[in-house]
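Scroll down for the structure; my scribbles are underneath it.
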Amino acid sequence: LVGGVPMDVEGDHYALHGGRGRQKSAFGTPELVGLLKRGAAVVGTMVDGPPLLIGSLSAAGGGKLGRHKSHQTGRDVDVLFYVRDKDGKRRRAIGFYEFDANGRCHSDRCRDYTFDVQRNWWLVRTLVWSKRPEVQYIFVSEPLQNLMLAYAQKRGELPEILRRARSVMAQPGNSSPHADHFHVRIYCSVADRARGCRDGGPKWDWIAPR
């Protein structure tokens with residue numbers, strides 16, 4: 001990671017999950033950090049509720065980070081889901097706990113919590129529509145994808161946003177299904193490409209030519 005910047009412990013509409021204890025793994029490219037702040041602000045402005053909780057990005061200089069296979073160049077981040085309680089009231093996420101196909105939490109610690117489809121969709125919508133940086137992947141389990149896409153279609157979402165979301169959202173085949181958080185990955189920026197950054201994986205058809 002070259003030219004990385006830290007996420008603040010908290011800001012308008014977002015906070016680091018784990019507070020100051022998360023700071024050592026909360027460095028990202030300026031583009032990713034800016035996108036997270038912008039995404040949280042959009043959701044918080046459109047649908048009032050608790051802040052977006054952000055997990056690991058990268059270490060200050062990049063490189064191996066704990067058990068993560070990625071998170072080495074400041075272009076990956078784990079984001080906890082927005083949740084509601086049994087009464088439908090929006091609550092702050094409490095940790096990395098799995099949600100089932102009906103959006104219900106499995107763990108005893110959050111058994112009364114459900115996946116907040118509306119707020120989670122607004123976050124995905126903001127990410128896939130971003131032009132700078134451009135988002136390559138949002139890893140999340142297929143059942144939770146289906147909940148968000150069904151909601152988006154019902155509310156009359158723009159066809160192009162739906163098309164992008166269907167492409168960008170994916171359930172990984174070589175790791176956990178990501179039923180407990182979003183994993184977001186962005187493409188190399190122009191500045192990072194000049195430093196040697198190279199993208200792997202697909203390049204979506206709406207991405208501007210390099």
Side-chain angles (χ1 to χ4, degrees), residues 1-9 11 14-18 21-40 42-43 51-82 93 95-98 120 123-142 144-145 148 164-165 167-204 207 210:
L1 173 58
V2 178
V5 297
M7 290 289 302
D8 298 325
V9 174
Y14 76 88
L16 293 181
H17 176 60
R22 180 73 63 176
Q23 283 184 298
K24 290 183 179 180
S25 62
F27 290 80
T29 65
E31 294 81 11
L32 179 59
V33 170
L35 176 63
L36 291 171
K37 292 180 178 181
R38 187 166 71 250
V42 168
V43 178
L52 177 68
L53 290 189
I54 297 170
S56 293
L57 284 81
S58 295
K64 182 68 175 175
L65 183 68
R67 59 184 177 81
H68 296 288
K69 293 182 180 179
S70 55
H71 292 268
Q72 298 196 38
T73 63
R75 297 186 295 120
D76 296 87
V77 61
D78 291 333
V79 179
L80 275 72
F81 298 139
Y82 290 108
F96 291 86
Y97 297 106
E98 291 190 355
N120 285 308
L123 179 62
V124 168
R125 185 187 196 279
T126 304
L127 296 176
V128 301
W129 203 237
S130 172
K131 291 184 178 179
R132 188 176 299 172
E134 297 156 322
V135 173
Q136 183 178 32
Y137 279 125
I138 301 173
F139 294 126
V140 60
S141 70
E142 188 171 334
L144 297 180
Q145 294 177 41
M148 289 184 287
R164 294 188 185 188
S167 298
V168 170
M169 289 196 293
Q171 177 175 307
N174 60 350
S175 67
S176 79
H178 285 65
D180 58 348
H181 71 285
F182 293 116
H183 177 121
V184 181
R185 177 177 298 165
I186 63 171
Y187 286 103
C188 300
S189 68
V190 173
D192 285 341
R193 285 178 62 83
R195 299 185 181 110
C197 183
R198 296 292 179 266
D199 294 309
K203 179 182 176 184
W204 308 117
I207 302 299
R210 302 299 187 188

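Fair warning: this is a prediction, and the values are worked out from it, not measured in the lab.
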Worksheet entry | side chain to side chain donor-acceptor pair (under 3.5 Å) partners for Y97, two or more places apart | R109

Practice prompt. Could I get the full list of side chain to side chain contact (heavy atoms under 4.5 Å, CB included) partners for A191, not counting sequence neighbours?
Written response: S189, R195

Response to the item:
dist L144:CG -> E142:CD (nearest 0.5 Å) comes out at 10.5 Å

Worksheet entry | Spatial distance of atom NE2 (H71) from atom CG (L57) [nearest 0.5 Å] | 8.0 Å

Discussion item. Let me confirm one number: the CZ-CE distance from R164 to M169, rounded to the nearest 0.5 Å.
Written reply: 14.0 Å

Practice prompt. Return the set of residues passing side chain to side chain donor-acceptor pair (under 3.5 Å) with H17 (not counting sequence neighbours), or none when no residue passes.
Written response: none

Practice prompt. Please name all residues satisfying side chain to side chain contact (heavy atoms under 4.5 Å, CB included) with P177, sequence neighbours left out, ordered by chain then number.
Written response: S141, Q171

Fill in: Set of side chain to side chain contact (heavy atoms under 4.5 Å, CB included) partners for A59, sequence neighbours left out
L65

Practice prompt. Over all heavy atoms of both residues, which pair between V2 and D192 is shortest? Give the atoms and the distance, please.
Written response: O-OD1, 4.5 Å

Worksheet item: By side chain to side chain contact (heavy atoms under 4.5 Å, CB included), which residues pair with P133, not counting sequence neighbours?
Response: E31, L35, R38, S130, I186

Worksheet item: For W204, what residues pass the ring-ring contact (aromatic ring centres under 6.0 Å, His included) criterion, not counting sequence neighbours?
Response: W206

Response to the item:
Quick note, salt bridge (charged side-chain N to carboxylate O under 4.0 Å, His left out) partners involving residues 170-185, not counting sequence neighbours, are D76-R185

Worksheet item: Between Q136 (side chain) and K203 (backbone), is there a donor-acceptor pair under 3.5 Å?
Response: no

Worksheet item: With sequence neighbours excluded, what pairs up with S176 under the side chain to side chain donor-acceptor pair (under 3.5 Å) test?
Response: H178

Response to the item:
Sorted by chain and residue number, the ring-ring contact (aromatic ring centres under 6.0 Å, His included) partners of F81 (sequence neighbours excluded) come out as F99, F115, F182

Fill in: Straight-line distance of Y137 OH to S70 OG, nearest 0.5 Å
12.0 Å

Fill in: Rounded distance (nearest 0.5 Å) linking atom CZ of R22 with atom CG of L53
10.0 Å

